[in-house]
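Shown next, in structure tokens, is the structure this report addresses.
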Amino acid sequence: MADIKVRFAPSPTGYMHIGNTRTAVFNWLLARKLGGRFMLRIDDTDTLRSKKEYEDSLREVLRWMGLVWDEEARQSARIERYNQVVEDLKQKGRIYACYETAEELEVMRKRLMSRGLPPIYDRGALALSAEQIAAYKAEGRRPHYRFKLQPGTIEWTDMVRGVCRYDASNLADPVIIREDGSYLYHLPSVIDDADFGITHIIRGEDHVTNTALQIQMFEALGAKIPAFAHLPLLTGAEGKLSKRLGSLGVRELRAEGIEALAISSFLAKLGTSEPVTPFYSLDELAASLDLSKLGRAQPKFDVDELRAFNTHFVRNMPYELVRGRINADEGFWQAVRGNLNLVADAEQWQKICCQKLKPIVEDAALTATAAAVLPPEPWTTETFGAWIAEVKKLSGKNGKDLYHPLRMALTAAAEGPELKILLPLISADRARRRLLGEEA
Ligand code: GLU
């Protein structure tokens, strides 16, 4: 098998959001699954809208998510290379200059539409005489350039959509260089994919038509055509993914305390025939990747579902993943994780168990009795059963009347992990003092 290489090619014109994060996740997982390389390509040909701040932030998000890249490239550093290819394609008659203004093109488009015809550029520029061109230039018009499509069927077998077929005569020659000389997306992307040996392109289905155009560009360059997978776009609970959700920033999710692996697990299975389940390593998630399990329907993305999944994820999270992030040992983590919504919430329980606290005594007789019969250490979770049976017998209380006052005295909170888990963490001395209403 040829060396596998995929790329994630964000434009640094905004922060990482759920949509492009999903594209990055799929690319990374495919590279890992196939034993290939993952490239980060910064698509910054739009110099006005590209910002360093966005680029820094997207790198940070990728790193945080563990989607590390093996190599990187930057389009703005490759303009000379693009110019070289353009010269060559001009010679071959595959790139041509056009002089229409935006207004003229708009009039042409409207005229075609009003006649019920597709708004396909008529290649008028190819019929211009040398005098007309000279006149346009004298007027101060500067050319933009189009790529000339060849007639015929464009076909590929998409890894998600199956056989895709386009008739080139239904497509307009794409503009590849603007009047100001700047590059549009299509051609630089193909030159890069060819030069860097990209074997698989995974991106959103909003690029399907671009793929048809780009396949002809790969052919014009004499390059091997990569395999394509177009992911159905995410929609919001109310239909089309709203601006708010579509642009939901991963930085915000991170700040909220959502786990990176929960996001990857969730996004990798959304819209597939497989259930969304927690994966506690990217390698395991990669091993499970199967693009043929992706449906054609646009999956619904609901941020509250992600939050709920994150809770489930945290409650089963192995200690190795939180080591260094919380100031507590494995036993503590195992004891409290089932009650957490976020990993950071563990700290609160750590404080409750191990730091001074003002107990809330609601039934002094009961808690004093409980203090008097606390068994000697060492405690296990079994200790609790024997102790509570004794307190029950002596106090005559049970149910909420028994447990609630004990919990309030021991933790000063009405809810939390089971007392039988907390008790050994609190320690005998501190528990006794709290049950007697002393700050401890
Ligand atoms: N910069 C392009 C985008 O963000 C890349 C598309 C592609 O993957 O080819 O849409």
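We count ligands from 1, going down the list as the structure has it; atoms in each ligand are counted the same way. Computation of the quantities below employed the complete heavy-atom set of this structure, encompassing side-chain atoms and omitting hydrogens, waters and symmetry-equivalent molecules.
For Q214, the heavy-atom gap to ligand 1 stays at 4.0 angstrom or more.
Taking the six-membered ring where the residue is Trp, H312 and F309 present tilted rings, their angle falling between 30° and 60°. Ring geometry for F218 against F228 counts as perpendicular: the plane angle is over 60°, on a 0 to 90° scale with 30° as the lower cut. Aromatic ring orientation, Y121 versus Y96: parallel (interplanar angle below 30°, classes split at 30° and 60°).
Residue contact check: S189 has heavy atoms under 4.0 Å from atoms 9 (O) of ligand 1. Ligand-side atoms of ligand 1 in range of R203: 7 (C), 8 (O), 9 (O), range being under 4.0 angstrom from any heavy atom. Taking a cut-off of under 4.0 Å to the non-hydrogen atoms of D43, the atoms of ligand 1 that pass are 1 (N), 2 (C), 5 (C).
When atom types are taken as modelled, the side chain of N310 and the backbone of L306 share no donor-acceptor pair closer than 3.5 angstrom.
The heavy atom nearest to atom 8 (O) of ligand 1, out of those in H186, H207, R7, Q75, is found in R7.
Residue contacts with ligand 1: A9 is placed with a nitrogen or oxygen under 3.5 Å of a nitrogen or oxygen of the ligand (distance criterion only). The N/O atoms of R41, backbone and side chain alike, include none that comes under 3.5 Å of an N/O atom in ligand 1.
In this structure, L289 and L285 have side chains that are not in contact, with every pair of non-hydrogen atoms separated by 4.5 Å or more.
Between Y15 and Y54, the ring centre distance stays below 6.0 Å.
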